[in-house]
Amino acid sequence: MKVIIASDHAGLELRRELVSALQELRVEVEDVGPTTNASVDYPDFARTVCKAVAAGEYSYGVLVCGTGIGMSITANKYRGIRAALCTSEFEARMTRAHNDANVLCLGQRVVGAGLARSIVEAFVATPFEGGRHQKRLDKIREAESESGR
């Protein structure tokens, strides 16, 4: 399993914590920045992560900003990306099991480091259930095609 992770300046500390958490799980992780807390534009970092995940270079992406909202909105603009903003382990498990989400979004100002670690652990550990959920994913892909994404 390979994970690519990024943040904006408002998610820097939590992103670094999550890199450590993923490494402790023996997950291969690529941290694509930023490297300082100087102001940056979150869509630039979401783009890097989403393009890599959509291309199949990584199993999952993780995006962190102040609330997780901006990253989530941006990530879901990319074809093939199913990004979920999660604030609980339950949401992380369900979005993987039922939606086959491939990008996890978190807000540093919303969840603490301990909870965020638990959320990312649940996200990477939970498989997609398929079955009745597959037809729904097919409809999501159809919607992407209809919208020109």
Side-chain angles (χ1 to χ4, degrees), residues 1-12 14-19 21-23 25-35 39-111 115-149:
M1 176 185 306
K2 290 172 56 174
V3 173
I4 183 169
I5 187 170
S7 69
D8 67 359
H9 55 282
L12 182 73
L14 184 58
R15 187 192 82 235
R16 289 178 174 161
E17 181 74 26
L18 295 176
V19 168
L22 289 163
Q23 290 171 335
L25 293 171
R26 304 215 186 279
V27 171
E28 185 178 338
V29 59
E30 182 173 357
D31 182 351
V32 293
T35 57
S39 183
V40 296
D41 297 327
Y42 62 84
D44 298 334
F45 290 89
R47 172 192 232 201
T48 300
V49 167
C50 292
K51 286 190 165 236
V53 171
E57 297 169 23
Y58 295 87
S59 311
Y60 305 115
V62 177
L63 294 168
V64 185
C65 65
T67 63
I69 296 169
M71 287 293 201
S72 177
I73 290 170
T74 304
N76 279 307
K77 299 296 182 190
Y78 290 89
R79 182 184 203 109
I81 296 300
R82 292 171 306 282
L85 173 59
C86 295
T87 58
S88 71
E89 293 173 54
F90 177 74
E91 291 168 321
R93 284 192 303 274
M94 295 307 291
T95 199
R96 284 288 311 124
H98 290 188
N99 309 117
D100 198 21
N102 52 11
V103 174
L104 172 64
C105 299
L106 296 162
Q108 179 173 302
R109 297 174 184 148
V110 178
V111 296
L115 177 57
R117 276 178 165 261
S118 296
I119 291 168
V120 78
E121 289 170 12
F123 188 86
V124 301
T126 304
F128 175 54
E129 289 179 3
R132 66 187 167 99
H133 304 292
Q134 183 59 54
K135 74 177 182 178
R136 295 169 185 153
L137 280 187
D138 295 341
K139 289 180 179 188
I140 291 170
R141 287 186 185 101
E142 184 178 311
E144 283 179 336
S145 295
E146 290 174 5
S147 69
R149 288 195 187 151

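Being a predicted model, the structure only gives us computed values, none of them experimental.
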Polar side-chain atom of [X] near backbone of [Y] as donor-acceptor pair, under 3.5 Å:
| X | Y | value |
| --- | --- | --- |
| R96 | A101 | yes |
| Q23 | V29 | no |
| S59 | V3 | no |
| E89 | A122 | no |

request  = Mind checking salt bridge (charged side-chain N to carboxylate O under 4.0 Å, His left out) for R141 and listing every partner two or more places apart, or none if nothing turns up?
outcome  =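 By the salt bridge (charged side-chain N to carboxylate O under 4.0 Å, His left out) rule, R141 matches D138.
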
If I compare all heavy atoms of [X] with all of [Y], which pair ends up nearest, and what's the gap?
| X | Y | result |
| --- | --- | --- |
| A52 | Y58 | CB-CD1, 3.6 Å |
| G66 | A10 | N-CB, 3.6 Å |
| V49 | G61 | CG1-CA, 3.8 Å |
| F45 | M71 | CB-CE, 4.3 Å |
| T95 | C86 | CG2-SG, 4.0 Å |
| H9 | P34 | N-CG, 4.3 Å |

Roughly how far apart are [X] [atom1] and [Y] [atom2], rounded to 0.5 Å?
| X | Y | atom1 | atom2 | result |
| --- | --- | --- | --- | --- |
| I140 | I81 | CD1 | CD1 | 12.5 Å |
| R82 | N76 | CZ | CG | 9.5 Å |
| K139 | K135 | NZ | NZ | 6.0 Å |
| N102 | C50 | CG | SG | 8.0 Å |
| L104 | I5 | CG | CD1 | 8.5 Å |
| F90 | I119 | CZ | CD1 | 13.0 Å |

key: Evaluation steps, side chain to side chain contact (heavy atoms under 4.5 Å, CB included), between T67 and L85   = CA-CA 9 Å; T67 63; L85 173 59; over 6 Å; no

task = Check step by step if salt bridge (Lys or Arg N to Asp or Glu O under 4.0 Å) holds for E17 and R117.
result = CA-CA 8 Å; E17 181 74 26; R117 276 178 165 261; 2.5 Å; yes

ask   = Does a side chain donor of either T87 or E91 reach within less than 3.5 Å of an acceptor in the other side chain?
value = yes

query = Between R15 and S7, is any side-chain donor less than 3.5 angstrom from a side-chain acceptor?
reply = yes

request  = Can you tell me which residue pairs pass the side chain to side chain donor-acceptor pair (under 3.5 Å) test with a partner in residues 41-52, sequence neighbours excluded?
outcome  =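 Sorted pair list comes back empty.
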
key: Close side-chain approach of V62 and F123, heavy atoms under 4.5 Å   =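 Contact flag for V62/F123 side chains = no.
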
query = Should the pair H98 and H133 be assigned to parallel (<30°), tilted (30 to 60°) or perpendicular (>60°) ring geometry?
reply =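 Geometry flag for H133 against H98: parallel rings.
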
task = Start with the C-alpha gap between Y60 and V124, add the side-chain angles, then the distance that decides, and say whether side chain to side chain contact (heavy atoms under 4.5 Å, CB included) holds.
result = CA-CA 8 Å; Y60 305 115; V124 301; 4.2 Å; yes

